[in-house]
Protein chains: 2
Amino acid sequence: MQDGTFLSPGHPLETRLRGDVFCAACPTRQLLDRIADKWSTLILIVLGDGPMRFNALRHRIDGVSQKMLSQTLKALERDGLVSRSVAPTVPVSVTYAMTPLGRSLLAALQSMIDWAETHMDEVEAAQAAYDGRDRP
Amino acid sequence: MQDGTFLSPGHPLETRLRGDVFCAACPTRQLLDRIADKWSTLILIVLGDGPMRFNALRHRIDGVSQKMLSQTLKALERDGLVSRSVAPTVPVSVTYAMTPLGRSLLAALQSMIDWAETHMDEVEAAQAAYDGRDRP
DNA sequence: CTGCATCCGCAATGATACTG
DNA sequence: CAGTATCATTGCGGATGCAG
């Protein structure tokens, strides 16, 4: 976080940009940083399939800690991407679900997943080639 | 990283998933973690506009440190998403560009950027609503 | 029993300075 | 100009403890 400069003046791309994702202070950038987050992506994809409880999410997303899950869910709820419903049972049941806003993002995220699954072999080949070049 | 269980059996999502992004050990997950990275996304979007030199990238992407830029570029090059061309001038000129593989990912990333720019106002409204609820 | 907040250890990150 | 090395800091991740 530097000062409040939004766009370095004189940049050739300045006119091409609508919002501006490249300036650290711009809200668009903040939002991108959130949805481009490791856990956020996975959580949203999972919830895109249907509502789910906290521990179900925790079990579904391998490797996530309770703290990170709780933290990320709270952030996503604050951003209006995920809704949190508390059922007054004993003990309480908290269910997380996608909001319409969050659902509108799902397509883009799904594209990333699809790409990853589709081109993973090419990436692995590239990695092997890179590692075998001159780097033992 | 738990044991090698890739999919919890009996999960309703089991049939819908092709690879599996939710297991920490699956390569797809590793790849997703990479492209869903904060800096990777920005670098790829910038390079999608055309080849660029190191310092140009550094200036363009506000808030990135040399270390992170260098590190992320190296990872992206290893994954075959970005190519690194060294011109034998004095001093050396290193130019980074997208590979065809990287370009195939660009559409998905651009969708995320577009979504962020389009729905930013709704997110801000949701944030304001969330902060104003019962949280001073 | 479920969900969340707090503590601490550690890896990743960021800023600075230096080399090819 | 491109990139690495070093050091200070942040944040993640794990364990524990508390509230409903």
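A note on names: the letters A, B, ... follow the listed sequences, proteins ahead of strands, and every chain is numbered from 1. Note: hydrogens, waters and symmetry copies are ignored here, and every other heavy atom, side chains too, is used.
A:L69 places its CG atom 15 Å from the C1' atom of C:dA5, with the value rounded to the nearest Å. Atom CE in B:M52 sits roughly 16 Å away from atom C1' in D:dC1 (whole-Å rounding). In this entry the distance linking CZ of B:R58 with C1' of C:dT16 reads 11 Å, nearest Å. Here D:dG3 presents its C1' atom at 14 Å from CG of B:L57, a figure rounded to the nearest Å.
Checked by atom type and distance alone, the side chain of A:T72 never pairs as donor or acceptor with a backbone atom of A:L69 at under 3.5 Å. A donor-acceptor pair under 3.5 Å links the side-chain atoms of A:T118 to the main chain of A:D114, judged by distance alone. Checking side-chain atoms of A:R53 against main-chain N and O of A:T95 turns up no donor-acceptor pair under 3.5 Å. Using modelled atom types, no side-chain atom of B:S40 and backbone atom of B:I35 make a donor-acceptor pair closer than 3.5 Å. Using modelled atom types, one side-chain atom of A:T99 and one backbone atom of A:G80 make a donor-acceptor pair closer than 3.5 Å. With hydrogens and angles disregarded, a donor-acceptor distance shorter than 3.5 Å links the side chain of A:R58 to the backbone of A:V64.
Contact between A:V123 and A:W115 at its shortest, heavy atoms only, is CG2-CH2, 4.1 Å. Taking every heavy atom of both residues into account, A:A116 and B:T28 meet most closely at CB-CG2, 4.1 Å.
Between A:C23 and A:R29 there is no side-chain heavy-atom pair separated by less than 4.5 Å.
In summary, A:R34 and A:D79 engage in a salt bridge, as defined by a charged side-chain N under 4.0 Å from a carboxylate O.
Rounded to 10 degrees, the angle separating the terminal helix axes of the helix from C:dC1-D:dG20 to C:dG20-D:dC1, each built from five base pairs, is 40°.
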Can you give me the N/O atom pairs linking the protein to nucleotides 2-4 of chain C at distances under 3.5 Å, or say none if there are none?
unit_1: C:dG3; atom_1: OP1; unit_2: A:V94; atom_2: O; d: 3.4
unit_1: C:dG3; atom_1: OP2; unit_2: A:N55; atom_2: N; d: 3.4
unit_1: C:dG3; atom_1: OP2; unit_2: A:N55; atom_2: ND2; d: 3.3
unit_1: C:dC4; atom_1: OP1; unit_2: A:R84; atom_2: NE; d: 2.9
unit_1: C:dC4; atom_1: OP1; unit_2: A:R84; atom_2: NH2; d: 2.6
unit_1: C:dC4; atom_1: OP1; unit_2: A:Y96; atom_2: OH; d: 3.2
unit_1: C:dC4; atom_1: OP2; unit_2: A:Y96; atom_2: OH; d: 3.2
unit_1: C:dC4; atom_1: N4; unit_2: A:Q66; atom_2: OE1; d: 3.3
unit_1: C:dC4; atom_1: N4; unit_2: A:Q66; atom_2: NE2; d: 3.3

- request: Summarise how protein sits on nucleotides 6-13 of chain C as a single string, 5' to 3': B when a protein heavy atom is under 4.0 Å from the base, S for sugar-phosphate-only contact, - for no contact.
  value: BB-----B

